[in-house]
Amino acid sequence: MNAMNPADYHESDLYRIRHSTAHVMAAAVLEKFPEGKVAIGPPIEHGFYYDFDLPRSLTEEDLVEIEARMKELLKEKHEFVYEELSPEQAQALFADQPYKLELIRDILERGTDEYGEKTAEPVLSIYRSGAFVDLCRGPHVESTKEIPPKAVKLLNVAGAYWRGDSDRPMLQRIYGTAWESPKELRQYLTWLEEVKKRDHRRLIKDLDLLSFHEEAGPGLAYWHPKGAMMRKIIEDFWRDKHIEGGYDFAYTPHIGKAWLWEKSGHLDFYQESMYAAMDVDGQDYYLKPMNCPFHILIYKTALRSYRELPLRWAELGTVYRYEKSGVLHGLMRVRGFTQDDAHIICTPEQIEDEVLRVLRFSLEMLRAFGFEEFAAYLSTRPEKAVGEPARWEQAQEALRRAIDAEGLEYAVDEGGGAFYGPKIDLKIRDALGRSWQLTTIQFDFNLPERFDMTYVGEDGAEHRPYMVHRALLGSLERFFGILVEHYAGAFPVWIAPEQARIIPIADRHIEFARQVEDQLRQAHLRVSTDASASRMNAKIRDAQLQKVPYMLVVGDREMEAASVAVRLRSGKNLGAMPVAEFIEIAEQAVASHGLEA
RNA sequence: GCCGACGUAGCUCAACGGUUGAGCAUCCGCCUUGUAAGCGGAGGGUUGUGGGUUCGAUUCCCACCGUCGGCUCCA
């Protein structure tokens, strides 16, 4: 399911098919609910949707019915006929469609199309197909005969605000998908099943990695021993890399007085997403939503010289944010999480080198975890911003040059930066072709000002340092969830919580199995022996389901030869080999960060 | 936060206006096994929580909590 680039997609036949299918769906819905109001219905990445204002909530059965009716309509082979209208004609045609009237007003007054995008000149165009007519800029297929009915499927219903505005009415959105052929639809549905199979919320349960507890608070993750082992491995690797990368570490508290958050501005801007204050000896304390103010306090414990810059301070800092209940999603969106945070404090002259260094560092880190495809996003100065324009300019240039130096493809989000500074975000593509934002590298012209951070320059005067926040993996929880889905739980050997499982065939082999286990443990492999009463086949099945990379079967023959019969979770059987040889193979896999071999 | 759906044993799911069932897992036996489930037995749920309707609710209604699909949001 690799995505086309947006411009190509917009011009494609597939786009037309989906856009037209959305119209056919709207036609079917209006037949069923003649009093229904229609909003907008664009193509999206893997299909289309259409928003409706209907007299009642749609059910699963409605969807089945609507889909069946759509297929009939498609078979009737309606032409899509384009027409341009005068404002009066358009208003008359859509007199009982308030959402369309609003769109017409916008097209005329704001020069935008029905999706709110700017257009060259306002044109009120419609497409007729059968009895259905919709305000629409197109493009569409010539006729519904271009849409194979068996390549169309409705997927689900969800609520969606009119114009995406939470102050406006909630509409019902029907999501559907459409393809050029039934075969492509089947492939897409298979892909959706694969997505579901890899869902980290399922896998963290099946693999006994983490849990959540309703009784103890939503959005708060509990790391079980196996998940904790993996996290430890990730953290150890992360720390070692940071030492090599010239970072120092900090540890800071989890709570701080209101003063800190007033000073940082968090209470002004983000209070609604902070956990409520707790009263301690008559003072308000808050759980930290970010680590930066703490690092700044450390910075300010000394008069800093330009000679000690750049400072690079990293912390796996656990923060708490009160995310709205409806947005929590497994490990991907939680209320308590650990950022792989760092702050770089440097002089203006150093900024370019530092940015490039971070970017390279990030790519190296992400590659180590098996991600190979990256895309960069540069977000620049918004209308409302703090900090001198010259600094913004310099920072943006530094970011741009770093991206160029690494040869990354990137998109610019003009005016998309935070009010306090420009940033680069890096997205990775996972094994299913989905992209996830991980790394963020953000300038901050706000906090150094608010906390009056300074350093003494060569000239003996005080200067304001640059400060860059960066998180490479983002949050450990979320990164973990992404890793789980990327590998479908079959982690590379170096990360796998259990690298090898020894499977004695009969009880008389258990003692030998323990000896082997001990040898492997001495070689720093994570290993266990399945001494249960089950048969070998059941033990293998169990290890397979737990996605253990190496299964070492030991029976009479192995005991005789002091060997292990190595089975990989891929199903491949390497046969018997001396224990030392297996250790070598496993160590090789660990060192290469690869899968079992 | 908003719209909709859902919440039954550790897990996956079934059933029902009238004293909840299965598979897997667990425990106990028997079997001692050669590359994805050997066989038998036992234990385990005041059906998310709190109200209401009813002779009677797990089932119907309301509220709350949580989960799921989205929307808004994501410093």
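Naming: A, B, ... by sequence-line order, numbering from 1 per chain.
The base of B/G1 has none of its N or O atoms less than 3.5 Å from a complementary donor or acceptor on the side chain of A/Y322. If you check distances only, the side chain of A/E558 does reach the base of B/G34 with a donor-acceptor pair under 3.5 Å. Judged by distance alone, with hydrogens and angles left aside, A/R567 brings a side-chain donor or acceptor within reach of the base of B/A36, the pair sitting under 3.5 Å. One donor-acceptor pair, N or O on each side, does fall under 3.5 Å between the base of B/C73 and the side chain of A/R333. For a distance-only test at 3.5 Å, the side chain of A/R321 fails to qualify as a donor-acceptor partner of the base of B/C74.
Backbone-only contact: A/N156 has heavy atoms under 4.0 Å from sugar-phosphate atoms and none from a base. Using a 4.0 Å heavy-atom cutoff across all strands shown, A/G164 reaches sugar-phosphate atoms only and no base atom. Looking at heavy-atom distances under 4.0 Å, A/A538 makes contact with sugar-phosphate atoms alone, never a base. Within 4.0 Å (heavy atoms only), A/E323 reaches no atom of the nucleic acid at all. Using a 4.0 Å heavy-atom criterion, one finds that A/Q546 contacts no nucleic acid atom at all. Nucleic acid contact class of A/A160 (heavy atoms, under 4.0 Å, all strands): sugar-phosphate only. Counting any heavy atom pair closer than 4.0 Å across all strands shown, A/L545 reaches a base atom. Residue-level contact check: A/K205 touches the backbone only, with heavy atoms under 4.0 Å from sugar-phosphate atoms and none from bases. Residue contacts shown for A/D556 include a base, since a base heavy atom lies under 4.0 Å away. Among the heavy atoms of the strands, none lies under 4.0 Å from A/T59. A/Y270 comes within 4.0 angstrom of a base, heavy atoms only. If you check every strand for non-hydrogen atoms under 4.0 Å, A/Y175 touches sugar and phosphate atoms only. Residue A/A533 is in base contact, counting any heavy-atom pair closer than 4.0 Å across all strands shown.
Of the side-chain N and O atoms in A/R168, none sit less than 4.0 angstrom from OP1 or OP2 of B/U72. Of the side-chain N and O atoms in A/S273, none sit less than 4.0 angstrom from OP1 or OP2 of B/C74. Side-chain nitrogen and oxygen atoms of A/R535 include none within less than 4.0 Å of the OP1 or OP2 phosphate oxygen of B/A37. Residue A/H329 has no polar side-chain atom (N or O) positioned under 4.0 Å from OP1 or OP2 of B/G70. Side-chain N/O atoms of A/R202 include one lying less than 4.0 angstrom from OP1 or OP2 on B/U12. Of the side-chain N and O atoms in A/R201, one or more sit less than 4.0 angstrom from OP1 or OP2 of B/G69.
Using C1' as the reference atom, B/U67 and B/C11 are 16 Å apart when rounded to the nearest Å. Spacing of C1' atoms, B/A37 relative to B/U54, comes out at 48 Å, to the nearest Å. Across B/G21 and B/U47, the matching P atoms stand 14 Å from one another, rounded to whole Å. Taking atom C1' in both B/G44 and B/G23, one finds a spacing of 15 Å when rounded to whole Å. Only the C1' atoms considered, B/U53 is 30 Å distant from B/C68, to the nearest whole Å. Taking atom C1' in both B/G56 and B/G17, one finds a spacing of 8 Å when rounded to whole Å. Using atom C1' as the reference point in both B/C16 and B/U58, the two lie 8 Å apart (nearest Å). When the P atom is used for both B/C65 and B/C73, the distance is 23 Å, rounded to whole Å.
Per the geometry, CG belonging to A/L331 stands 15 Å off C1' belonging to B/U67, to the nearest Å. Rounded to whole Å, atom P of B/C71 lies 16 Å from atom CZ of A/F52. Between A/K547 atom NZ and B/A36 atom C1' the separation is 13 Å, expressed in whole Å. Counting to the nearest Å, the P atom of B/C74 and the CE atom of A/M274 are 16 Å from each other. Whole-Å rounding puts the A/N537 CG to B/U33 P distance at 13 Å. For the pair A/I296 CD1 and B/A75 C1', the interatomic distance rounds to 13 Å; values are reported in whole Å. Computed from coordinates, the A/K384 NZ to B/A75 P distance equals 16 Å when rounded to whole Å. Spacing between atom CD1 of A/I510 and atom P of B/G34 amounts to 16 Å, rounded to whole angstrom units.
Nearest-nucleotide mapping onto RNA chain B: of A/M551 and A/E214, the residue sitting toward the 5' end is A/M551.
Across all strands shown, B/C30 forms a Watson-Crick or G-U wobble pair with B/G38, both key distances being under 3.5 Å. Within the shown strands, B/U67 is the pairing partner of B/A5 under the Watson-Crick or G-U definition, both distances less than 3.5 Å. With a cut-off of 3.5 Å on both Watson-Crick or G-U wobble distances, the partner of B/C24 is given as B/G10. Look at B/U58: it lacks any Watson-Crick or wobble partner with both distances under 3.5 angstrom. The nucleotide B/U46 finds no pairing partner, because no Watson-Crick or G-U wobble arrangement with both distances shorter than 3.5 Å includes it.
Surrounding CD of A/E215 are more than 12 heavy atoms belonging to other residues, nucleotides or ligands, all under 6.0 Å away. Under a cut-off of 6.0 angstrom, the local environment of NZ in A/K300 is crowded, with over 12 non-hydrogen atoms contributed by other residues, nucleotides or ligands.
Closest to the side chain of A/R508, out of B/C73, B/U33, B/G1, is B/U33. The A/V327 side chain lies nearest to B/C71 when the options are B/C71, B/G66, B/U35. When distances run from any side-chain atom of A/M170 to the nucleotides B/A36, B/G34, B/C2, the shortest one goes to B/C2. Counting only heavy atoms from C-beta on, A/Y420 has its side chain closest to B/A75 among B/A75, B/U35, B/G1.
Both the sub-6.0 Å distance and the 45° axial angle are satisfied by A/R391 relative to the ring of A/Y466.
Closest approach of A/P98 to A/K37, counting heavy atoms only: CD-CD, 3.7 Å.
Ring pair A/Y50/A/F52 is parallel by interplanar angle, where below 30° counts as parallel and above 60° as perpendicular. Below 30°, between 30° and 60°, or above 60°: for A/W179 and A/Y188 the angle between ring planes is between 30° and 60°, a tilted geometry. Using the six-membered ring where Trp is involved, A/H329 and A/H200 have ring planes that are tilted, between 30° and 60° apart. In this pair, A/H254 and A/Y320 present their aromatic rings tilted. The plane angle is within the 30 to 60° band.
Only one option out of A/R198, A/K197, A/R434, A/R202 pairs with A/E485 in a salt bridge (charged side-chain N to carboxylate O under 4.0 Å, His left out); it is A/R434. A/V564 pairs with exactly one of A/I583, A/V516, A/L574 by the side-chain contact (heavy atoms from CB on, under 4.5 Å) rule, that one being A/V516.
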